[in-house]
Amino acid sequence: MEESRRDRDEEGRARNARPRDGLGRPLPYGTEGVERQPEGVVRSPGETVREAQRLLDSGMPFHAHEVFEDAWKSGPDAERELWRGLAQMAVGLTHAARGNTVGGARLLRRGAGAVETFREADPHGIGVAGLTRWARELADRVDPAPDRSGRESGGVRPVDAAAESPWLRRGDRPGR
């Protein structure tokens, strides 16, 4: 019987060491992938937003989701729903870019609903109203509408993650 070895991190926890593409999908061993986002990094809210925006603009929403997840896990309880919702929107964009448009739309809508309670406050300069509008509009575009028979009409293609990346701050996006 052949024993299979699992990849482990420095502390001995199971962790897949396969390289990943820009959307977080595993690639075959030996293939060059993109650098993984380190996990468990504690950042200020401003650093979190800047790093996530950089990753989103680079077409790496899966990696941006990791940044939001760190904030969700390390931030104050009062902001957990904000960071969780932003992570869900980033994963929704990831799924839409991978071609899972139904799942992507579901996560985009769920994330928009999660951050909506922060709409009046715009915490840390995050433009919540613009983000919820972006997420719902993208969800409506990528979610295949059922035809009269109740079947999905299909034909929706994966989106370009960089071209569809949202602007996280209040106001207009510079240079676009």
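A quick note: this is a predicted structure, and the numbers were derived from the prediction, not measured.
Side-chain atoms of Arg18 do not come within 3.5 Å of backbone N or O of Tyr29 as any donor-acceptor pair.
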Q: Please assess Leu168 against Phe68 for the test side-chain contact (heavy atoms from CB on, under 4.5 Å), listing each intermediate value before the final yes or no.
A: CA-CA 12 Å; Leu168 299 174; Phe68 289 135; 3.9 Å; yes

Q | Asp70/Gln37 under side-chain contact (heavy atoms from CB on, under 4.5 Å): CA gap, chis, key distance, verdict | A | CA-CA 11 Å; Asp70 286 341; Gln37 190 62 34; 5.7 Å; no

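The shortest heavy-atom contact between Met89 and Leu108 is O-CD2, 3.5 Å. Residue Ser165 comes nearest to Ala162 through the heavy atom pair OG-O, 3.1 Å, listed as atom of the first residue, atom of the second, then distance. When all heavy atoms of Ala97 and Pro158 are compared, the pair lying nearest together is O-CB, 3.3 Å. Heavy atoms only, all atoms of each residue included: Val142 and Ala105 are closest at CG2-CB, 4.1 Å. The heavy-atom pair separating Thr132 from Ala112 by the smallest distance is CG2-O, 3.5 Å. Summarising the geometry of Ala52 relative to Ala64, their closest heavy-atom pair is O-CB, 3.8 Å, with the distance given to 0.1 Å.
Put simply, Leu23 and Val91 are part of two different groups of oily side chains (I, L, V, M, F, W, Y) that touch within less than 4.5 Å, one to the next. By the criterion of side-chain heavy atoms lying less than 4.5 angstrom apart, applied directly or through intervening Ile, Leu, Val, Met, Phe, Trp or Tyr residues, Trp72 is grouped together with Phe118 in one hydrophobic cluster.
Val34 forms part of a hydrophobic cluster together with Leu55, Met60, Val67, judged by ILVMFWY side-chain heavy-atom separations under 4.5 Å.
Residues satisfying the salt bridge (Lys or Arg N to Asp or Glu O under 4.0 Å) criterion with Glu116, sequence neighbours excluded, are Arg119, Arg136. With sequence neighbours excluded, the residues forming a salt bridge (Lys or Arg N to Asp or Glu O under 4.0 Å) with Arg80 are Asp77, listed by chain and number. Take Arg50 and apply the salt bridge (Lys or Arg N to Asp or Glu O under 4.0 Å) test, not counting sequence neighbours, and it matches no residue. Partners of Arg133 by side chain to side chain donor-acceptor pair (under 3.5 Å), not counting sequence neighbours: none found. Partners of Phe62 according to the ring pair (Phe, Tyr, Trp, His ring centres under 6.0 Å) rule, which considers only residues two or more places apart in sequence or in another chain, are His65. Legend: residues meeting ring pair (Phe, Tyr, Trp, His ring centres under 6.0 Å) with His95, ordered by chain and number and at least two apart, are absent. Scored by the side chain to side chain donor-acceptor pair (under 3.5 Å) test, Arg25 finds Asp21 as partners (sequence neighbours excluded). Here Glu47 pairs with Ser44 under the side chain to side chain donor-acceptor pair (under 3.5 Å) rule; sequence neighbours left out. The side-chain contact (heavy atoms from CB on, under 4.5 Å) check on Arg110 picks up Gln88, Arg106, Leu107, with sequence neighbours excluded. Every residue two or more places apart in sequence or in another chain that forms a salt bridge (Lys or Arg N to Asp or Glu O under 4.0 Å) with Arg84 is listed here: Glu81.
Between Leu138 and Pro166 there is no side-chain heavy-atom pair separated by less than 4.5 Å. Side-chain contact between Asp143 and Val102 is present, with heavy atoms from C-beta onward closer than 4.5 Å. The shortest distance between side-chain heavy atoms of Leu86 and Thr48 does not fall below 4.5 Å.
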Side-chain polar contacts of residues 120-128 - donor-acceptor pairs under 3.5 angstrom, sequence neighbours left out - could you list them?
| residue | atom | partner | partner atom | Å |
| --- | --- | --- | --- | --- |
| Asp122 | OD1 | Val128 | N | 3.1 |
| His124 | NE2 | Glu79 | OE1 | 3.1 |
| His124 | NE2 | Glu79 | OE2 | 2.8 |

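Distance check: Glu69 CD to Glu39 CD gives 7.0 Å after rounding to the nearest 0.5 Å.
A salt bridge does not link Glu137 to Arg141: none of the charged side-chain nitrogens sits closer than 4.0 Å to a carboxylate oxygen.
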